[in-house]
Amino acid sequence: STPRPTSTPRPTATEIPPTPTAAPMGQPVTNGDYEVNVISMRTLDTVYLDSLYHWVPTEGNMFVELGIKVVNLNPGSPVSIAWGDIYVVEEDGNTWYPNWGEFKPVASGIEVAPKSLVFRTLEDPSEPVVFEDVVFIRAIYGVVKHNPTTVLFGFGDAPLIEILVP
């Protein structure tokens, strides 16, 4: 015969850190110092810098252009963030700062279409994006193409934003 158990062990309390959930594109996120919103996304077949220089993504890759609006929640106290801290995280965990981009600081209440900004090659990830009130950013990333592709967008230490690329 099988002996009867004397008591049932009690569960052990385990602390599991919460997994951050990325916000959907179009929903602003904040870190308390600034509010970040990805306001547009499109894929590009070719990136043209001028009539002589253009880039086409290699097989299995694509270019994703993001239009970003960032609002300083502490006006009068300038925000400075490096291009290297304006990044995307691919599904496999690889992280990239933009290959090309530009930004335009404006006063609160002024709207700018990010795709109207004339972009340039970004060679130094420590180069800063500086603004006092609001900044609009055009950033172009090279990423691996999936069907569909999901990337996470990060701006400094603000929560991540999920971008679904059809």
For [X] and [Y], which heavy atoms make the closest approach, and how far apart are they?
| X | Y | value |
| --- | --- | --- |
| Pro148 | Pro166 | CB-CA, 4.3 Å |
| Asn61 | Thr58 | ND2-OG1, 2.7 Å |
| Val47 | Phe119 | CG1-CE1, 3.5 Å |
| Ser80 | Pro128 | OG-CB, 3.4 Å |
| Phe136 | Val112 | CD2-O, 3.2 Å |
| Ile163 | Phe153 | CG1-CB, 4.2 Å |

Which ILVMFWY residues are connected to Leu160, directly or by a chain of links, through side-chain heavy atoms under 4.5 Å apart? Tyr87, Val89, Leu152
Note: with side-chain heavy atoms under 4.5 Å as the link, the other cluster members for Val144 come out as none
In chain order, what residues pass the side chain to side chain contact (heavy atoms under 4.5 Å, CB included) check against [X], with sequence neighbours excluded?
| X | result |
| --- | --- |
| Ser126 | Asp124 |
| Val118 | none |
| Thr46 | Tyr48, His54, Val56 |

Give every residue pair that meets the ring pair (Phe, Tyr, Trp, His ring centres under 6.0 Å) criterion with at least one member in residues 61-85, sequence neighbours excluded. Phe63-Trp100
Would you mind listing every side chain to side chain donor-acceptor pair (under 3.5 Å) that reaches into residues 109-120, with sequence neighbours excluded? Lys69-Glu111, Glu102-Arg120, Arg120-Glu127
Show every side chain to side chain donor-acceptor pair (under 3.5 Å) that has at least one partner inside residues 132-147, sequence neighbours left out. Glu65-Arg138
side-chain contact (heavy atoms from CB on, under 4.5 Å) with Leu66: which of Ile86, Val88, Ile140? Val88
Are [X] and [Y] connected, step by step, through hydrophobic side chains (Ile, Leu, Val, Met, Phe, Trp, Tyr) whose heavy atoms are closer than 4.5 Å?
| X | Y | result |
| --- | --- | --- |
| Val129 | Leu122 | yes |
| Trp96 | Val151 | yes |
| Ile110 | Val71 | yes |
| Val38 | Val165 | yes |
| Val134 | Ile68 | no |

Could you walk me through whether Phe103 and Val70 pass side-chain contact (heavy atoms from CB on, under 4.5 Å), step by step? CA-CA 10 Å; Phe103 68 97; Val70 185; over 6 Å; no
What pairs with Ser77 under side chain to side chain donor-acceptor pair (under 3.5 Å), at least two apart in sequence or on another chain? none
I need the Asn72 CG to Phe131 CZ distance, nearest 0.5 Å. 5.5 Å
Working to the nearest 0.5 angstrom, can you tell me the gap between Asp45 CG and Met62 CE? 11.0 Å
Going by atom type alone, with no hydrogens or angles, which donor-acceptor pairs under 3.5 Å involve a side-chain atom of residues 22-32 and a protein atom two or more places apart or on another chain?
residue	atom	partner	partner atom	Å
Thr30	OG1	Gly32	N	2.9
Thr30	OG1	Tyr34	O	2.9
Asn31	OD1	Asp33	N	2.8
Asn31	OD1	Tyr34	N	3.0
Asn31	ND2	Tyr34	OH	3.3
Asn31	ND2	Asp157	OD1	2.5

What pairs meet the salt bridge (Lys or Arg N to Asp or Glu O under 4.0 Å) rule with one or both residues in residues 74-94, with sequence neighbours excluded? none
Where do Ile161 and Val36 land on the side-chain contact (heavy atoms from CB on, under 4.5 Å) test, with the steps shown first? CA-CA 9 Å; Ile161 297 173; Val36 182; 4.2 Å; yes
